[in-house]
Amino acid sequence: MPVSAATETKLREAMARLLAGEPLHTDGALTKENLAREAKVSHATVHRAEEVLAEWNAKVDRPVRRTPGEVQRDETIAELRKQLRESRAKASELQGKLDALATVTANLYFENRELKEKASKRRQSRVASLPATGPWKE
């Protein structure tokens, strides 16, 4: 079942915008799905428009080359993603060390409190255990 003249016109206009790099409704990738979205028709409609589809395949059925700017952008994005992964790994490592230090600090605090309590009890028991008689006593 062929498409109407109006639909064919929409598809041709959408194809022209995509091929010119001036999309209105998509990210500009040269895909049949974007052709449908750009023309605001269904993907099935694109496949029913045999003449338009043949023209699309003739113009786009080759590998899409990236411009030097796009290559640089993609390399920058890849590098930034690598840096982000490394930063997250480092942050995770440091968080683990921080957690370990917090645990050690808490343990030392409680051990210190116990030792102070024991020392205080020993001092009290020494004072209490002094002999009641001695040279100072008359």
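Computed over heavy atoms, backbone and side chain alike; hydrogens, waters and symmetry mates excluded. If you're wondering where the values come from, they're calculated on a predicted model, not measured in any experiment.
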Show, in sequence, the C-alpha distance, side-chain angles and deciding distance for Glu117 and Lys121, and conclude whether the salt bridge (charged side-chain N to carboxylate O under 4.0 Å, His left out) test is met. CA-CA 6 Å; Glu117 287 175 10; Lys121 287 179 184 176; 5.3 Å; no

Distance col, row Glu75:CD vs Arg73:CZ, nearest 0.5 angstrom, shows 11.0 Å

Margin query: Donor-acceptor check, side chain of Ser120 to backbone of Lys116, threshold 3.5 angstrom: yes or no?
Written below: no

Heavy atoms of Leu11 and Val46 approach each other most closely as CD2-CG2, 3.8 Å

### Message
When you compare the side chains of Thr45 and Arg48, does any donor N or O come within less than 3.5 Å of an acceptor on the partner?
### Response
yes

Would Thr26 and Leu35 count as a side chain to side chain contact (heavy atoms under 4.5 Å, CB included) here? Give the steps. CA-CA 9 Å; Thr26 66; Leu35 176 60; over 6 Å; no

Nearest heavy-atom contact between Pro23 and Gly28 is CG-CA, 3.6 Å

Do the side chain of Glu13 and the main chain of Ala39 share a donor and acceptor less than 3.5 angstrom apart?
no

Interatomic distance, NE2@His25 vs CG@Leu18, rounded to 0.5 Å, equals 10.0 Å

Distance col, row Arg17:CZ vs Met15:CE, nearest 0.5 angstrom, shows 11.0 Å

Item to complete: Apply side chain to side chain contact (heavy atoms under 4.5 Å, CB included) to Lys32 and Leu53, showing your working.
Response: CA-CA 9 Å; Lys32 291 174 188 172; Leu53 191 57; 3.8 Å; yes

One should read off an interatomic distance between Leu19 CG and Leu30 CG, to the nearest 0.5 angstrom, of 6.0 Å

Can you confirm whether Glu51 is buried at CD, in the sense that more than 12 heavy atoms of other residues, nucleotides or ligands lie under 6.0 Å from that atom?
no

The reported gap from CG in Leu101 to CG in Leu94 (rounded to nearest 0.5 angstrom) is 10.5 Å

Contacts of His47 meeting ring-ring contact (aromatic ring centres under 6.0 Å, His included) (sequence neighbours excluded), chain-then-number -> His43

So side-chain hydrogen bond (donor to acceptor under 3.5 Å, both in side chains) across residues 83-97, not counting sequence neighbours, yields Glu79-Gln83, Glu93-Lys97, Gln95-Asp99

